[in-house]
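The block underneath contains the structure these notes are about, expressed in structure tokens.
Counting begins at 1 with the first residue of the sequence.
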Amino acid sequence: MGARLEVRSLCKSFGSLSVLNNWSLNIRESERIVLLGPSGSGKTTFLRLIAGLEKPSSGEIKLSSQQMGFVFQEPRLIPWRTVEDNLLFVNEKGDISGILEKLRLSGFAGFFPAQLSGGMQQRVNLARALLVEPELLILDEAFSSLDLPVKTSIMKDINLHWQEKHFTIIAVTHDLKEALFLADRIIILSPAPSVIVRELPVTLGEIRNFSSPEFLHLEGQLLDIVCSASH
């Protein structure tokens with residue numbers, strides 16, 4: 001399986017503020033990666049670099065992807081467009097009814113964003129990103145404003161869609177459970193100027209249970225690593 005993303009000696013500064021310090025990593029096609037680190041460690045900056053919204057100060061990023069879906073922390077839906085029109089805006093030929101059914105939004109195509117709960121708005125946000133048939137799906141703290149049951153439900157939807165389409169996922173979060181639920185591999189970062197402290201493989205299989213002994217053991221291990229990295 002080839003590389004979806006190659007990062008070499010990547011550095012990013014904003015004036016005198018150094019954010020990313022000499023990052024190097026490879027992310028494979030179909031791999032699910034979660035970046036875990038303290039606030040200000042450059043996680044969102046890295047996503048913006050991948051998306052071409054920022055330029056590296058030095059180093060390089062090689063991305064072998066033609067289609068990218070980006071899910072932000074806020075839904076960012078067009079308020080005067082219905083759910084269906086928000087989706088048509090990104091792909092007029094997409095399977096609107098199919099993606100709404102998969103994300104349990106059937107019957108809401110004619111609703112406006114203000115008529116939906118926060119969780120449903122984020123499902124529409126996700127549907128919009130998936131409708132472009134992404135080779136790479138970026139999740140920028142996409143579930144931080146949602147309660148655990150809603151968050152878990154949406155993450156399950158993502159994993160089911162990933163099992164069907166096998167796109168690459170790069171996600172940012174502060175939540176250890178969320179990281180373990182989504183990832184094949186977790187990248188742990190230091191405070192800024194951040195370096196990659198450690199990479200932790202997640203060997204929990206496709207079906208993940210927050211209360212399983214394996215999950216709880218790995219969560220404890222991850223907590224120790226994150227606390228050590230923050231000093």
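No donor-acceptor pair closer than 3.5 Å links the side chain of Ser153 to the backbone N or O of Pro149. Under a 3.5 Å cut-off, the side chain of Gln122 and the backbone N or O of Val150 do not form any donor-acceptor pair. Between the side chain of Gln115 and the main chain of Phe112, a donor-acceptor pair closer than 3.5 Å is present.
For Asp184, the side chain to side chain contact (heavy atoms under 4.5 Å, CB included) criterion is met by Glu31, Arg32, Trp162, Arg208, not counting sequence neighbours. Applying the salt bridge (charged side-chain N to carboxylate O under 4.0 Å, His left out) criterion to Lys62, with sequence neighbours excluded, gives no partner residue. Taking Asp95 as the reference, Ser97 meet the side chain to side chain contact (heavy atoms under 4.5 Å, CB included) condition, with sequence neighbours excluded. Residues that satisfy the ring-ring contact (aromatic ring centres under 6.0 Å, His included) test with Phe143, not counting sequence neighbours, are absent from this structure. Applying the side chain to side chain contact (heavy atoms under 4.5 Å, CB included) test to Ser18 and every residue at least two apart in sequence or in another chain returns Ser13, Pro193. A search for side chain to side chain donor-acceptor pair (under 3.5 Å) contacts involving Glu74 returns Arg76, not counting sequence neighbours. Residues satisfying the side chain to side chain contact (heavy atoms under 4.5 Å, CB included) test with Gln121, not counting sequence neighbours, are Pro75, Leu77, Leu116. For Asp157, the salt bridge (charged side-chain N to carboxylate O under 4.0 Å, His left out) test picks out Arg104, Arg123, with sequence neighbours left out. For Glu133, the salt bridge (charged side-chain N to carboxylate O under 4.0 Å, His left out) test picks out Lys165, with sequence neighbours left out. With sequence neighbours excluded, no residue forms a salt bridge (charged side-chain N to carboxylate O under 4.0 Å, His left out) with Glu214. Legend: residues meeting ring-ring contact (aromatic ring centres under 6.0 Å, His included) with Phe111, ordered by chain and number and at least two apart, are Phe108.
Summarising the geometry of Ser194 relative to Leu20, their closest heavy-atom pair is OG-CD2, 3.6 Å, with the distance given to 0.1 Å. The minimum heavy-atom distance linking Ser41 with Ser190 is given by the pair CB-O, 3.3 Å. When every heavy atom of Val197 is checked against every heavy atom of Leu189, the shortest pair comes out as CG2-C, 3.9 Å. Closest of all the heavy-atom pairs between Ala129 and Val71 is CB-CG2, 3.6 Å. Summarising the geometry of Asn86 relative to Arg81, their closest heavy-atom pair is ND2-O, 3.0 Å, with the distance given to 0.1 Å. Contact record, Pro56 with Leu49: N-CD2, 3.5 Å, taken as the closest heavy-atom pair.
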Go through the steps for Glu84 and Phe89 under the test side-chain contact (heavy atoms from CB on, under 4.5 Å), then give the verdict.
CA-CA 9 Å; Glu84 182 177 18; Phe89 185 75; over 6 Å; no
Please determine whether side chain to side chain donor-acceptor pair (under 3.5 Å) holds for the pair Asp175 and Thr173, giving the CA-CA distance in whole Å, both sets of side-chain angles, and the decisive distance to 0.1 Å.
CA-CA 5 Å; Asp175 188 304; Thr173 185; 5.4 Å; no
As a quick check of understanding, evaluate side-chain contact (heavy atoms from CB on, under 4.5 Å) for Leu105 and Val124, giving each step before the final call.
CA-CA 8 Å; Leu105 290 167; Val124 178; 3.8 Å; yes
Would you check, one step at a time, whether the test side-chain contact (heavy atoms from CB on, under 4.5 Å) holds for Leu100 with Val83?
CA-CA 9 Å; Leu100 290 177; Val83 167; 3.9 Å; yes
Assess whether side-chain contact (heavy atoms from CB on, under 4.5 Å) is satisfied between Glu135 and Thr168, documenting all intermediate values.
CA-CA 6 Å; Glu135 296 171 326; Thr168 302; over 6 Å; no
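Between Asp140 and Lys43 the shortest side-chain heavy-atom distance does not fall below 4.5 Å. In this structure, Leu139 and Val172 have side chains that are not in contact, with every pair of non-hydrogen atoms separated by 4.5 Å or more. In this structure, Arg185 and Val202 have side chains that are not in contact, with every pair of non-hydrogen atoms separated by 4.5 Å or more. Contact annotation: the side chain of His161 approaches that of Phe167 to within less than 4.5 Å [non-hydrogen atoms, C-beta and beyond]. Side-chain contact check for Val132 versus Leu130: every heavy-atom pair is 4.5 Å or farther apart. Inter-residue side-chain proximity for Leu10 and Asn22 is flagged as unmet; no heavy-atom pair is nearer than 4.5 Å. Taking the side chain as every heavy atom from C-beta outward, Phe70 and Leu47 approach each other to under 4.5 Å. For the pair Ser106 and Glu101, the minimum side-chain heavy-atom distance is below 4.5 Å.
Within 6.0 Å of atom CD in Glu164, more than 12 heavy atoms from other residues, nucleotides or ligands are found, so the atom counts as buried in its surroundings. The environment of CZ in Phe210 is crowded: more than 12 heavy-atom neighbours from other residues, nucleotides or ligands sit within 6.0 Å.
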Can you give each donor-acceptor pair under 3.5 Å made by side-chain atoms of residues 215-223, sequence neighbours left out, with the distance rounded to 0.1 Å?
unit_1, atom_1, unit_2, atom_2, d
Glu219, OE1, Lys177, NZ, 3.2
Glu219, OE2, Lys177, NZ, 3.4

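Two rings, from Trp23 and Phe46, have their centers less than 6.0 Å apart.
Atoms CZ and CZ, on Arg28 and Arg4 in that order, are 12.5 Å from each other to the nearest 0.5 Å. In this structure, CG in Leu200 is found 9.5 Å from CG in Leu36, a value given to the nearest 0.5 Å. A distance of 6.0 Å separates CD1 of Ile50 from CD1 of Ile61, quoted to the nearest 0.5 Å. The distance from atom CD1 of Ile96 to atom CZ of Arg128, rounded to the nearest 0.5 Å, is 12.0 Å. Note that the CG atom of Leu35 and the CD1 atom of Ile188 stand 10.0 Å from one another [nearest 0.5 Å]. Distance check: Asn91 CG to Gln67 CD gives 8.5 Å after rounding to the nearest 0.5 Å.
Hydrophobic clustering of Ile, Leu, Val, Met, Phe, Trp and Tyr side chains at less than 4.5 Å, counting indirect connections, unites Leu182 with Leu204. Note on Leu53 and Met68: separate hydrophobic clusters, where clusters join Ile, Leu, Val, Met, Phe, Trp and Tyr whose side-chain heavy atoms are under 4.5 Å apart, directly or indirectly. A single hydrophobic cluster is seen to contain both Leu126 and Val90, as judged by linkage of ILVMFWY side chains at heavy-atom distances under 4.5 Å, directly or through other members.
A salt bridge is absent between Glu60 and Arg8: the closest approach of a Lys/Arg side-chain nitrogen to an acidic carboxylate oxygen does not fall below 4.0 angstrom.
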